[in-house]
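The structure appears right after this line, and notes come after that.
Bear in mind that the values here come from a model prediction, so they are computed numbers and not experimental data.
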Amino acid sequence: GAPISNAKITVAPPVTTTPIWVAWQYLIDTAPINILTGGSSPIIGKKLLLDLLLTKNTADTLDPLIGRGPGLTPAGDDFIVGFLAGNKASLNGDVDLKLKPLATNDISLAALSEAHRGYFGAPILTLIESIHHGQSKGVEIAMADNLAIGATSGMAGALGVLIGLLQNYCDGNSAEIEAKIQLLFS
């Protein structure tokens, strides 16, 4: 296939959380999210998501995900790439990941390295832009495009984007955030 080209993120954060929740509901309604969040030892657990959103202990929370989960690019790595995109679009600053070459495969390491530098694939950038512009139909189309990538890659990446964007809005909204996170585990 054609090589995937990456572009640097250039959008500002969305003004409200409404388009983020549209994407969130689309993810819950259409994706087999339990692949990531289900079972006795989920790849992406409730505590991890709440830690990212409410304590903002980002690097320490993300580092254990490197190399975890199914897929050619492990789902944990895809989540991190999406999270970094959402985080950068929210202007939250850089996340100091401890990238360990032996913790994941070469393809994923390259994607993580590019994301750490601020470069992301078109589907993730389109999702962030559609959320920024706040048009529900555009958000749903961008979510569908992301969910069509691999068995878990697009789903994990899209969830990462949403969590990265939401991190900017969590101050004082812990009850709303916890309720929305619970929907992933119902």
Side-chain angles (χ1 to χ4, degrees), residues 9 11-66 68-71 74-97 115 124 127-136 138-140 142-144 146-147 152-186:
I9 227 165
V11 297
V15 177
T16 71
T17 59
T18 302
I20 298 172
W21 295 134
V22 168
W24 190 269
Q25 195 60 51
Y26 187 89
L27 180 68
I28 290 167
D29 291 345
T30 61
I33 196 72
N34 63 325
I35 292 171
L36 303 176
T37 61
S40 59
S41 181
I43 298 159
I44 298 169
K46 190 183 312 184
K47 181 182 179 335
L48 179 137
L49 295 176
L50 289 172
D51 283 351
L52 284 172
L53 290 172
L54 302 177
T55 68
K56 300 185 180 165
N57 188 6
T58 305
D60 290 341
T61 304
L62 291 176
D63 281 339
L65 285 178
I66 296 173
R68 284 198 65 212
D77 297 352
D78 297 324
F79 176 85
I80 293 169
V81 168
F83 178 86
L84 292 173
N87 187 270
K88 286 184 182 296
S90 290
L91 309 175
N92 283 333
D94 289 328
V95 176
D96 187 26
L97 286 176
I124 283 179
L127 175 58
I128 291 169
E129 287 173 6
S130 68
I131 288 171
H132 173 71
H133 294 297
Q135 296 172 340
S136 294
V139 170
E140 290 175 359
M143 282 297 292
N146 275 272
L147 296 179
T152 59
S153 290
M155 178 173 40
L159 179 58
V161 166
L162 299 178
I163 297 294
L165 288 170
L166 283 171
Q167 201 181 45
N168 196 41
Y169 294 97
C170 285
D171 298 331
N173 291 325
S174 64
E176 179 187 20
I177 297 298
E178 289 181 44
K180 296 289 188 179
I181 294 290
Q182 184 57 43
L183 293 173
L184 294 174
F185 297 90
S186 302

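- The structure places CD1 of I44 at 7.0 Å from CD1 of I33, a figure rounded to the nearest 0.5 Å.
- Of all the heavy atoms in M155 and A31, the pair that sits closest is SD-CB, 3.7 Å.
- The minimum heavy-atom distance between L165 and G86, with the atom names listed, is CD2-O, 3.6 Å.
- Once rounded to the nearest 0.5 Å, the distance linking CG of L36 with CZ of F185 reads 9.5 Å.
- Taking CG of L49 as the start and CD1 of I163 as the end, the distance is 4.5 Å to the nearest 0.5 Å.
- Contacts of P64 classified as side chain to side chain contact (heavy atoms under 4.5 Å, CB included), with partners at least two apart in sequence or in another chain: none.
- With sequence neighbours excluded, the residues that form a salt bridge (Lys or Arg N to Asp or Glu O under 4.0 Å) with K47 are D51.
- Here I181 contributes atom CD1 and L166 contributes atom CG; the two are 7.5 Å apart, rounded to the nearest 0.5 Å.
- Under the side chain to side chain contact (heavy atoms under 4.5 Å, CB included) criterion, D78 pairs with T73, S153, A156, sequence neighbours left out.
- Listed by chain and residue number, D29 satisfy the side-chain hydrogen bond (donor to acceptor under 3.5 Å, both in side chains) test with Q25 (two or more places apart in sequence, or in another chain).
- Inter-residue side-chain proximity for K46 and Q182 is flagged as met; some heavy-atom pair is nearer than 4.5 Å.
- Under the 4.5 Å side-chain criterion, counting only non-hydrogen atoms from C-beta, I43 is in contact with P70.
- Aromatic ring pairs are classed by plane angle as parallel below 30°, tilted from 30° to 60° and perpendicular above 60°; the pair F83 and F79 is parallel.
- Nearest approach of A142 to S130, heavy atoms of both residues: CB-OG, 3.5 Å.
- With sequence neighbours excluded, no residue satisfies side-chain hydrogen bond (donor to acceptor under 3.5 Å, both in side chains) with T37.
- Every residue two or more places apart in sequence or in another chain that forms a side chain to side chain contact (heavy atoms under 4.5 Å, CB included) with A23 is listed here: I131, V139, M143, L162.
- Contact annotation: the side chain of I66 approaches that of D77 to within less than 4.5 Å [non-hydrogen atoms, C-beta and beyond].
- With rounding to the nearest 0.5 Å, the separation of CD1 in I80 from CG in L65 is 5.0 Å.
- Contact between G164 and S90 at its shortest, heavy atoms only, is O-OG, 3.6 Å.
- With sequence neighbours excluded, the residues satisfying side chain to side chain contact (heavy atoms under 4.5 Å, CB included) with T30 are Y26, L147.
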